[in-house]
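Worksheet: one structure, shown below.
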Amino acid sequence: VQMVASGGGLVQAGGSLRLICTVSGLAFADYDMVWVRQSPGKEREGVSCVRQNFGDTFYAESVRGRFVASRANAEKTLYLQMNNLNPEDTGTYYCAVPQRYCSAYGSAWTQADFQYFGQGTQVTVSS
């Protein structure tokens with residue numbers, strides 16, 4: 001399984017970025033997909049979970065209303081549109097496959113354990 005995130009970069013506060021994760025070697029449509037953020041000095045956290053059946057999309061409180069996650073199952077691609085970025089969004093962003101469906105974790109999905117974890121892309125937001 002290979003998962004590679006791209007689209008990161010340096011942006012000023014208030015700006016936008018669109019991240020893309022391309023996946024291979026996985027029956028992509030069968031799995032929930034999570035965007036994970038690792039920020040300096042902070043614990044790793046899930047910022048969005050896109051359900052495998054185009055059902056619910058979960059967001060962490062810190063990004064709700066600013067980030068929009070989506071997926072294209074036929075292309076095995078995951079997206080994260082990030083708007084109104086602030087310096088606290090700085091970090092390395094990864095796409096990952098949780099061990100269980102996100103709904104199984106309840107409110108703790110942001111701290112899910114992962115069976116597959118991709119290569120990340122760096123996002124830096126300047127103030």
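Worth saying up front: this structure is predicted, and the values here are computed from it rather than measured.
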Open item on the list: Count I, L, V, M, F, W, Y as connected when their side-chain heavy atoms are under 4.5 Å apart, and connections chain through other members. Are L19 and V11 then in the same cluster?
Closed with: yes

- [ ] Would you indicate whether the side-chain heavy atoms of D32 and W109 approach each other to under 4.5 Å?
- [x] no

Task: Heavy-atom closest contact (Y59 atom, A69 atom, distance) - done: OH-N, 2.9 Å

Open item on the list: Just checking E88: does its CD atom have more than 12 heavy atoms from other residues, nucleotides or ligands closer to it than 6.0 angstrom?
Closed with: yes

Open item on the list: With a 4.5 Å cut-off on side-chain heavy-atom distances among I, L, V, M, F, W and Y, is there a chain of contacts connecting V23 to V50?
Closed with: yes

- [ ] Determine, using the 4.5 Å side-chain heavy-atom cutoff (strictly less than), whether V1 and M33 are members of one ILVMFWY cluster.
- [x] yes

TODO: State, with a plain yes or no, whether a side-chain heavy atom of M82 is found less than 4.5 Å away from one of W35.
DONE: no

Task: Shortest non-hydrogen separation from A13 to P87 and the atoms involved - done: CB-CD, 4.2 Å

- [ ] Answer yes or no: is there a donor N or O on one side and an acceptor on the other, between the side chain of T90 and the main chain of V125, under 3.5 Å?
- [x] yes

TODO: Please say which of L80, T92, V63 ends up in a side chain to side chain contact (heavy atoms under 4.5 Å, CB included) with R37.
DONE: V63

- [ ] Give a yes or no on this: more than 12 heavy atoms of other residues, nucleotides or ligands lie within 6.0 Å of atom CD of Q2.
- [x] no

Open item on the list: So which atom in F28 and which in N73 form the shortest heavy-atom distance, rounded to 0.1 Å?
Closed with: CE2-OD1, 3.2 Å

Task: Non-hydrogen side-chain atoms of Y93 and C21 separated by less than 4.5 Å - done: no

Open item on the list: Less than 4.5 Å apart, side chain to side chain, heavy atoms only: is that true for Q119 and M3?
Closed with: no

Task: Single-linkage hydrophobic cluster, 4.5 Å side-chain cutoff, Y105 and F117 together - done: yes

Open item on the list: Side-chain heavy atoms nearer than 4.5 Å, only ILVMFWY residues, links allowed to pass through others: does that put Y94 and L26 together?
Closed with: no

Open item on the list: Please give me the minimum heavy-atom distance between P98 and A112, naming the atom from each residue.
Closed with: CB-CB, 4.3 Å

Open item on the list: When you compare the side chain of Q122 with that of L10, does any pair of heavy atoms fall below 4.5 Å?
Closed with: no

Open item on the list: What I'd like to find out is whether the side chain of K76 reaches to under 4.5 Å of the side chain of S24, using heavy atoms alone.
Closed with: no

TODO: Would you confirm whether N83, through its side chain, and F67, through its main-chain N or O, come within 3.5 Å as a donor-acceptor pair?
DONE: no

Task: Donor-acceptor pair, side chain of T77 and main chain of T22, under 3.5 angstrom - done: no

Open item on the list: Testing the basics here: between T110 and A60, what is the closest heavy-atom pair and its distance to 0.1 Å?
Closed with: CG2-CB, 4.2 Å

- [ ] Please examine the side chains of S103 and R51, heavy atoms only from C-beta on, and report whether any two atoms are closer than 4.5 Å.
- [x] yes

TODO: Determine the interplanar angle of the Y116 and Y31 rings, folded into 0 to 90°, and report it as parallel if under 30°, tilted if 30 to 60°, perpendicular if over 60°.
DONE: perpendicular

Task: Shortest non-hydrogen contact between K42 and Q38, atoms and distance - done: O-NE2, 2.7 Å

